[in-house]
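Quick note: numbers below take in every heavy atom, side chains included, and nothing from hydrogens, waters or symmetry partners.
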Amino acid sequence: MNTVKTGMLLAGLMALFGVVGYFLGGGTGMIIALGFGLATNLFAYWNSDRLALAAHHAVEVDERTAPELVAMVRDLSQRAGLPMPRVYLIDNPQPNAFATGRNPENAAVAATTGLLHMLSRDEIAGVMAHELAHIKNRDTLIMTVSATVAGAIATLAQFGFLFGGRGDERPNPIVMLATALLAPIAAMIIQMAISRSREYDADRMGAAISGQPLALASALARIAGGVAHIPNPDAERRPATASLFIINPLSGQGVDNLFSTHPATENRIAALHALAQEMGSTPQGGFFTQSSASPWGSLGRSSGGSVSGSTGTRRGPWG
């Protein structure tokens with residue numbers, strides 16, 4: 001049902017393109033708008049991963065520069081039946097991660113340094129498995145295309161309002177103003193609905209890949225707590241990329257309503273706890289065997305086990 005819903009929402013975005021073009025320029029405007037929408041989709045298809053990674057200053061790592069993280073992603077990819085994606089690090093204290101790419105063969109996963117400092121090894125594995133689930137479901141393309149199209153609709157509406165037809169060709173000013181104001185809001189609502197419909201699926205599949213729904217639930221809680229206190233300037237400057245992250249990186253989020261790019265974290269955690277009961281999971285054990293040699297064993301935690309942020313005495317293996 002989520003796949004059908006996503007397809008209908010994407011079709012709705014393209015239809016909105018045509019509607020905006022029609023109100024701003026009649027039949028000719030509709031054709032031009034649909035052509036513009038097609039060109040936008042093609043551009044997003046070929047360049048989505050490069051643009052998203054560049055927007056957040058992500059740096060590619062390998063077995064030499066981040067051996068533990070790369071080995072983790074490789075092991076999880078094998079479990080998921082996926083090709084090995086490229087792995088990136090983002091030098092940002094906010095704990096977060098995202099995946100991007102037009103298909104599993106051209107995919108990438110990116111994690112912030114804050115994520116590696118604040119989460120345990122099992123929690124990081126849960127997050128990476130969640131991102132791999134997005135790749136497996138091809139959500140990375142869907143969400144990037146929806147973000148690009150939503151942004152293009154807003155641009156088209158504003159451009160049409162400022163430079164619409166002249167004289168008798170110019171639409172009613174009230175209609176043009178309403179289109180310029182309402183079209184971007186409608187596009188944003190559709191984009192958010194697409195993103196939210198995919199997060200629950202990725203949580204469930206990610207938990208199956210890692211075998212630890214409770215670790216992923218714990219990771220979501222820690223990331224949400226970090227996001228609430230640690231800003232992400234790059235994400236604030238490029239809000240269209242917010243839907244790519246595992247937790248909305250923008251300030252002032254966290255409610256499960258029409259204007260949120262993600263479901264409420266509490267709802268996602270509750271769903272993962274229900275899944276853990278179905279799977280017979282317990283808080284012990286996990287995808288990795290913990291040991292004192294683990295690079296994440298006590299990273300970013302206080303003696304009581306709470307998150308202490310990146311100010312802990314022990315630093316991670318990547319900075």
Undergrad: For residues Arg268 and Ile246, report the shortest heavy-atom separation together with the two atoms involved.
TA: NH1-O, 2.7 Å
Undergrad: To the nearest 0.5 Å, tell me how far His262 NE2 sits from Leu250 CG.
TA: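 Reported to 0.5 Å precision, the distance equals 9.0 Å.
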Undergrad: Please evaluate residues Leu220 and Asp203 with respect to the criterion side-chain contact (heavy atoms from CB on, under 4.5 Å), reporting the C-alpha separation (whole Å), side-chain torsions for both, the decisive distance (0.1 Å), and the verdict.
TA: CA-CA 10 Å; Leu220 292 177; Asp203 284 344; 4.1 Å; yes
Undergrad: Which atoms form the tightest heavy-atom contact between Ser77 and Pro85, and what is the distance?
TA: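 Heavy atoms only, the tightest pair is OG-CD, 3.3 Å.
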Undergrad: Would you check if Val70 and Arg74 make a side-chain contact, meaning some heavy-atom pair closer than 4.5 Å?
TA: yes
Undergrad: Could you pull out the closest heavy-atom pair between Ala129 and Gly206, with the gap in Å?
TA: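 Looks like CB-O, 3.3 Å.
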Undergrad: Could you go through the side-chain contact (heavy atoms from CB on, under 4.5 Å) check for Thr113 and Ile90 one step at a time?
TA: CA-CA 6 Å; Thr113 51; Ile90 302 170; over 6 Å; no
Undergrad: Identify the heavy atoms of Ala108 and Leu53 that sit nearest to each other, and give their distance.
TA: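 Here Ala108 and Leu53 meet closest at CB-CD1, 4.1 Å.
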Undergrad: What's the verdict on ring pair (Phe, Tyr, Trp, His ring centres under 6.0 Å) for His130 and Phe98, showing C-alpha distance, side-chain angles and the deciding distance?
TA: CA-CA 9 Å; His130 171 100; Phe98 69 84; over 10 Å; no
Undergrad: Examine the side chains of Asn92 and Gln94 and answer whether a donor and an acceptor come within less than 3.5 Å of each other.
TA: no
Undergrad: Kindly indicate whether the side chain of Arg222, heavy atoms from C-beta on, has any atom under 4.5 Å from the side chain of Met118.
TA: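 In short, these two side chains do not touch, never coming nearer than 4.5 Å.
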Undergrad: Step through the shown structure and confirm whether more than 12 heavy atoms of other residues, nucleotides or ligands are within 6.0 Å of CZ on Arg237.
TA: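 Result for CZ/Arg237: enclosed.
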Undergrad: Do Ser210 and Leu216 have side chains that approach each other closer than 4.5 Å (heavy atoms only, starting at C-beta)?
TA: no
Undergrad: Has the side chain of Asp49 got a donor or acceptor atom that lies under 3.5 Å from a matching backbone atom of Arg102?
TA: no
Undergrad: Can you tell which of Ile135, Thr100, Thr140, Leu76 makes a side-chain contact (heavy atoms from CB on, under 4.5 Å) with Val109?
TA: Ile135
Undergrad: Donor-acceptor pair, distance only, cut-off 3.5 Å: does the side chain of Arg79 make one with the backbone of Ile209?
TA: yes
Undergrad: Could you tell me whether the side chain of Pro213 reaches within less than 4.5 Å of the side chain of Met279, counting heavy atoms only?
TA: yes
Undergrad: For Arg204, what residues pass the side-chain contact (heavy atoms from CB on, under 4.5 Å) criterion, not counting sequence neighbours?
TA: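 Arg204 satisfies side-chain contact (heavy atoms from CB on, under 4.5 Å) with Leu275, Glu278 once adjacent residues are dropped.
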Undergrad: Keeping to residues at least two apart or across chains, list the ring-ring contact (aromatic ring centres under 6.0 Å, His included) pairs with something in residues 209-244.
TA: none
Undergrad: So, for Val87 and Met84, which heavy atoms are closest and what is the spacing to 0.1 Å?
TA: CG2-CE, 3.8 Å
Undergrad: For Phe245 and His56: C-alpha separation, side-chain torsions, deciding distance, then whether side-chain contact (heavy atoms from CB on, under 4.5 Å) applies.
TA: CA-CA 11 Å; Phe245 286 84; His56 294 276; 3.6 Å; yes
Undergrad: Measure from the side-chain N and O atoms of Asn232 to the backbone N and O of Ala235, and report whether any donor-acceptor pair falls under 3.5 Å.
TA: yes
Undergrad: So, does Lys136 use its side chain to make a donor-acceptor pair with the main chain of Leu82 at under 3.5 Å?
TA: no
Undergrad: For the residue pair Ile230 and Pro95, establish whether any side-chain heavy-atom pair is separated by less than 4.5 Å.
TA: yes
Undergrad: Between Glu131 and Met128, is there a donor-acceptor pair closer than 3.5 Å when you use the side chain of the first and the backbone of the second?
TA: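 No; zero donor-acceptor contacts below 3.5 Å.
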Undergrad: Taking Asp139's backbone N and O only, do any of them form a donor-acceptor pair with Asn137's side chain (distance below 3.5 Å, no angle check)?
TA: no
Undergrad: Keeping the roles fixed (side chain from Arg238, backbone from Ala55), state whether a donor-acceptor pair exists under 3.5 Å.
TA: yes
Undergrad: Examine distances only and state if a side-chain atom of Asp62 and a backbone atom of Thr65 form a donor-acceptor pair shorter than 3.5 Å.
TA: yes
Undergrad: Report yes if some heavy atom in the side chain of Asp91 is under 4.5 Å from a heavy atom in the side chain of Val59; otherwise report no.
TA: no
Undergrad: Which heavy-atom pair separates Leu244 from Ala52 by the least distance, and what is that distance?
TA: CD1-CB, 3.9 Å
Undergrad: Heavy-atom distance under 4.5 Å between the side chains of Leu89 and Leu69, does that happen here?
TA: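 Side-chain contact under 4.5 Å: yes.
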Undergrad: Mind checking whether Leu115 and Asn96 have side chains closer than 4.5 Å, heavy atoms only?
TA: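 No, too far: nothing below the 4.5 Å cut-off.
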